[in-house]
Amino acid sequence: MREANILFSLIFALAVDVSAQTKKPVSAEEAKMNTFISKLMTKMTIDEKIGQLNLPSSGDITTGQANSSDIGKKIRAGQVGGLFNIKGVEKIAAVQKVAVEESRLKIPLLFGMDVIHGYNTVFPIPLGMSATWDMYAVEKSARIAAIEASASGINWTFSPMVDISRDPRWGRISEGNGEDAYLGSAIAKAMVKGYQGDLKSNNQILACVKHYALYGAAEAGRDYNTTDMSKVRMYNEYLPPYKAAVDAGAASIMASFNEVDGIPATGSKWLMTEVLRNQWGFKGFVVTDYTGIPEMIAHGMGDLQTVSALALNAGVDMDMVGEGFLGTLKKSLAEKKVNIEQINRACRLILQAKYKLGLFENPYKFCDVKRAETEVFTPQNRQAAREIASESFVLLKNQNNVLPLKKTGTIGLIGPLADNTANMYGTWSVAALFDKSITVLQGMKNAVGDNAKILTARGSNFLADSVMEHRYVNIHNKTYARDSRTEEELIKEAVNVAKKSDVVVAVLGEGSEFTGESSSVTDIQIPQTQKNLLKALAQTGKPVVLVLFTGRPLALNWENENIPAILNVWFPGSEAGNAISDVLFGDVNPSGKLSATFPQNVGQVPIFYAHKNTGRPLADGKWFEKFRSNYLDVSNEPLYPFGYGLSYTTFTYGDIKLSSNTLTKGKSITATIAITNNGTTGGKEVVQLYTRDLVGSITRPVKELKGFQKIYLKAGETKNVTFSISEQDLKFYNSDLKFVAEPGDFKIFIGTNSRDVKEASFSLK
């Protein structure tokens, strides 16, 4: 009883002390955690504290290697805080056993992995997920991913990636949520919630928000390249999704590779401490990206000891793979290049994450061997993946209602992606079960049964150049056997199939690894050999449906002019073929909307809807006018605007009705619009709300997304959709980086995409 009273007194005293410093009450649970960690840290040597900051990659070691490997020796010596790239309960349990039974202080490990858009059950790539505009679906995909990954022993995912990108040359645009800060922020919150929950159960895992910051704005769209922009643009257009994830309680943040204001993000105290912790109040820990610390040497920031000290001083807590912390911090401490308070801070934050996961109470919390039997790649999870994938597809064109297809007659299915198991998933599908993927051919067979005949032909390879194709395709355990026939022979076979068919479905585009890390390109068209095939198919006179696989916005001018129907399916995941068939045959009405603008050609890049006006703006719909801001060769307009996506039905928008034309401080007004389904089939529509601040102390975008609702309307049904607009919705960061709403006149736009809108006006008083 006396010991209990002493413990309670310690907890109460610490709670009072922390509360006095932060001016916020500390719960008994948090105070208990702080006391536990403080007591543990008094027992730790400086080497053990630095060891907690070390995150090596184990590789997928066998259970027998857990003791004998170099990693095992370091774990036993207290030199490892966590591992990544190891999966499987037996393997992880064996490694955890070394940490908690053979190391001096028995501190458990974190186990992380790039669980980006699903685990064994793979969902659409993040760019595709963002095209659903469905936050319930986004959160559900993260929830299922967390359940499956945790059933394999993983307790930390390096996701969500929330980098805003307006440059489709950048390969990692596929991993993000597109070009818009508002939509990106909503998705960031949903992903964090889906992964983490309250971190109480063994199927909730730590989220890691990446890549902080501005990684998606790399110059020339070239991966790892420099980023340079004004702070006004940072705060208004690029930083909001990171902050939204922090506000949602994200447990960890990953530093980006690029430099910001002349300093690599990994060494930026302004980013990691001033903005992240002081301005946003982030309480979790910061981890570098893979070898982020030693890479600062090539940036020109100093030797390994110097850059390691720079990272710690900046506010980085964990070193992924580089081992700069492990090898140099003790020396830097002796030379007073870092101080013990910084090491203690970082160590405490890592230990807090482990405590919140419940690892000190049960180090094997995520090592239940029975869970995988009933919780991974289940029929229910696969059905969710199928339904969500079908909502991500964007119908770009449907001339003369070529789609939906009939489940009768003869269908020509042609293209290198028509019957391709490895390339249904997209990049970062590290746990995908390639042998169980549903190809487009299999999905169509499932859909039509014996009612229709399906003829097939490859038609082309991915690329004409075999060496280039190998670079693009055969990586990350994904292989695709190249057809040795000539381009002419492949096209001839495909044309013969087309001539025998009532309709042609051409499944073309990019392979899984055409986008993703280190997959930047300067040409964003469909590869020429595939385009040659498509032209030959179009010349047969048969109706052609282009099913487009892509991880980035592509330039599709020729396709848009010459192909009657185009369905963009991104990379749909495990249930690709079934989901694609659901939409092709009309069992699901497509409802995806673009989260990134599609340009006419690469020369328009970067192109995005929320641009500024110049002093010589070109009027909407105009081209060409001398001495105005435009091009000689193409118009300023995108091929497909942000928010764009067609349906098998037609939605009509009424006029906007405002509850008032004046908005006063502390109040709100409502905007209501009637949406009618004038078609013969039910469907979902994403109703989008944009505003424009007509006069500001700094220049303001021509439109900004401020709300959206995804609704379902039966054929002939009308619904009133209402949005509430407050002063908060009109705030922006001014030139002093103050978050303000300035009185004046505003426009409000509601429509089916960022271009096709109804508008009204109001004033903020």
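Computed from heavy atoms alone, side chains included, the values below leave out hydrogens, waters and symmetry copies.
Judged purely by atom type and a 3.5 angstrom limit, Asp502 uses its side chain to pair as donor or acceptor with the backbone of Thr410. Put simply, the side chain of Glu391 never gets that close to the backbone of Thr132: no donor and acceptor are under 3.5 Å apart. In this structure, the side chain of Asn398 engages the main chain of Val402 through a donor-acceptor pair within 3.5 Å. Between the side chain of Asn155 and the backbone N or O of Phe111, at least one donor-acceptor pair lies under 3.5 Å. Under a 3.5 Å cut-off, the side chain of Ser501 and the backbone N or O of Val504 do not form any donor-acceptor pair. The main-chain N or O of Lys542 is never found under 3.5 Å from a side-chain atom of Lys499 such that the two would form a donor-acceptor pair. In this structure, the side chain of Gln530 engages the main chain of Phe462 through a donor-acceptor pair within 3.5 Å. Side-chain atoms of Lys719 never come within 3.5 Å of backbone atoms of Ala674 as a donor-acceptor pair (strictly under, hydrogens ignored). Listed for the Tyr425 side chain is a donor-acceptor partner under 3.5 Å among the backbone atoms of Leu433. For His117 (side chain) and Phe123 (main-chain N/O), a donor-acceptor pair under 3.5 Å exists by modelled atom type.
Taking 4.5 Å as the limit, every side-chain heavy atom of Trp428 sits out of range of all side-chain heavy atoms of Val115. Side-chain contact check for Thr680 versus Thr649: every heavy-atom pair is 4.5 Å or farther apart. Taking 4.5 Å as the limit, every side-chain heavy atom of Arg458 sits out of range of all side-chain heavy atoms of Ile414. Taking the side chain as every heavy atom from C-beta outward, Gln688 and Val686 approach each other to under 4.5 Å. Put simply, the side chain of Gln600 does not reach to within 4.5 Å of the side chain of Pro638, judged on heavy atoms. Residues Ile526 and Glu559 have side chains in contact (heavy-atom distance under 4.5 Å, counting atoms from C-beta outward). The shortest side-chain heavy-atom distance between Phe514 and Pro527 falls under the 4.5 Å cut-off. Between Lys407 and Asp587 there is a side-chain heavy-atom pair separated by less than 4.5 Å.
To the nearest 0.5 Å, the span separating NZ on Lys210 from OG1 on Thr157 amounts to 7.0 Å. Of the inter-residue distances, the one linking Arg552 atom CZ with Thr550 atom OG1 reads 6.5 Å to the nearest 0.5 angstrom. Residue Ser581 holds its OG atom at 11.5 Å from NZ of Lys445, rounded to the nearest 0.5 Å. In this structure, NZ on Lys492 lies 12.0 Å from CG on Leu490, to the nearest 0.5 angstrom. Expressed to the nearest 0.5 Å, how far CD of Gln442 lies from CG of Asn578 amounts to 7.5 Å. Between atom OG of residue Ser647 and atom CG of residue Asn677 there is a gap of 7.0 Å, rounded to the nearest 0.5 Å.
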Test log, rule side-chain contact (heavy atoms from CB on, under 4.5 Å), inputs Glu717 and Thr676
CA-CA 6 Å; Glu717 184 180 9; Thr676 301; over 6 Å; no
Step by step, work out the side chain to side chain donor-acceptor pair (under 3.5 Å) result for Ser201 and Asn203.
CA-CA 5 Å; Ser201 74; Asn203 63 14; 2.5 Å; yes
Yes or no on side-chain contact (heavy atoms from CB on, under 4.5 Å) for Lys714 and Thr681, after CA distance, side-chain angles and deciding distance?
CA-CA 7 Å; Lys714 294 180 291 187; Thr681 184; over 6 Å; no
Would you check, one step at a time, whether the test side-chain contact (heavy atoms from CB on, under 4.5 Å) holds for Asn177 with Ser595?
CA-CA 7 Å; Asn177 304 312; Ser595 60; 5.8 Å; no
Evaluate the criterion side-chain contact (heavy atoms from CB on, under 4.5 Å) for residue pair Leu413 and Leu455; output intermediate values, then yes/no.
CA-CA 6 Å; Leu413 181 62; Leu455 305 178; over 6 Å; no
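Residue pairs that meet the ring-ring contact (aromatic ring centres under 6.0 Å, His included) test with at least one member in residues 370-419, sequence neighbours left out, do not exist here. Sorted by first and then second residue, the pairs that involve residues 545-576 and meet ring-ring contact (aromatic ring centres under 6.0 Å, His included), not counting sequence neighbours, are Phe549-Phe571.
Scanning all heavy atoms of the two residues, the minimum distance from Met129 to Pro124 falls at CG-O, 3.3 Å. The two residues Val376 and Ala151 come nearest to each other via the heavy atoms CG2-CB, 3.7 Å. Heavy-atom minimum distance, Pro168 versus Pro553: CB-O, 3.4 Å. Of all heavy-atom pairs spanning Pro404 and Val583, the tightest one is CB-O, 4.4 Å. The two residues Glu469 and Leu463 come nearest to each other via the heavy atoms OE2-N, 3.1 Å.
Of the N and O atoms on the side chains of Thr439 and Asp419, at least one donor lies less than 3.5 Å from an acceptor on the other residue. When only modelled atom types and interatomic distance are considered, Tyr640 and Asn560 share a side-chain donor-acceptor pair under 3.5 Å. A side-chain donor from one of Glu179 and Thr597 sits under 3.5 Å from a side-chain acceptor of the other. Between the side chains of Asn401 and Tyr648, no donor-acceptor pair is found at a separation under 3.5 Å. Side-chain atoms of Gln528 and Asn532 form a donor-acceptor pair, as typed in the model, at a separation below 3.5 Å. Donor-acceptor pairing under 3.5 Å is lacking for the side chains of Thr421 and Lys436. Side-chain contact of Thr427 with Glu513: a donor-acceptor pair under 3.5 Å is present, judged by distance alone.
Here the rule is side chain to side chain donor-acceptor pair (under 3.5 Å) with Tyr119, and of Ser152, Ser150, Ser429 only Ser152 fits it. Each of Arg386, Glu148, Gln380 was checked for a side chain to side chain donor-acceptor pair (under 3.5 Å) with Thr121, and the lone residue meeting it is Glu148. A side chain to side chain donor-acceptor pair (under 3.5 Å) with Ser591 holds for exactly one of Lys684, Lys710, Glu685; it is Lys710.
Phe585 meets the ring-ring contact (aromatic ring centres under 6.0 Å, His included) test with no other residue; sequence neighbours excluded.
No more than 12 heavy atoms of other residues, nucleotides or ligands shown are found within 6.0 angstrom of NZ on Lys189. Heavy atoms of other residues, nucleotides or ligands lying less than 6.0 angstrom from OH of Tyr712 number more than 12. The 12-atom threshold is not exceeded at NZ of Lys453, counting heavy atoms of other residues, nucleotides or ligands nearer than 6.0 Å. The neighbour count for Arg471 CZ, taken as heavy atoms of other residues, nucleotides or ligands under 6.0 Å away, does not exceed 12.
A salt bridge between Lys370 and Glu373 is absent, with no side-chain N of the basic residue lying under 4.0 Å from a carboxylate O of the acidic one. Using a 4.0 Å cut-off between charged side-chain N and carboxylate O, Arg169 and Asp167 make a salt bridge.
Within the 6.0 Å centre-distance limit, the rings of Phe642 and Trp133 are counted as a close aromatic pair. You'll find the ring centres of Phe598 and Tyr644 outside the 6.0 Å limit.
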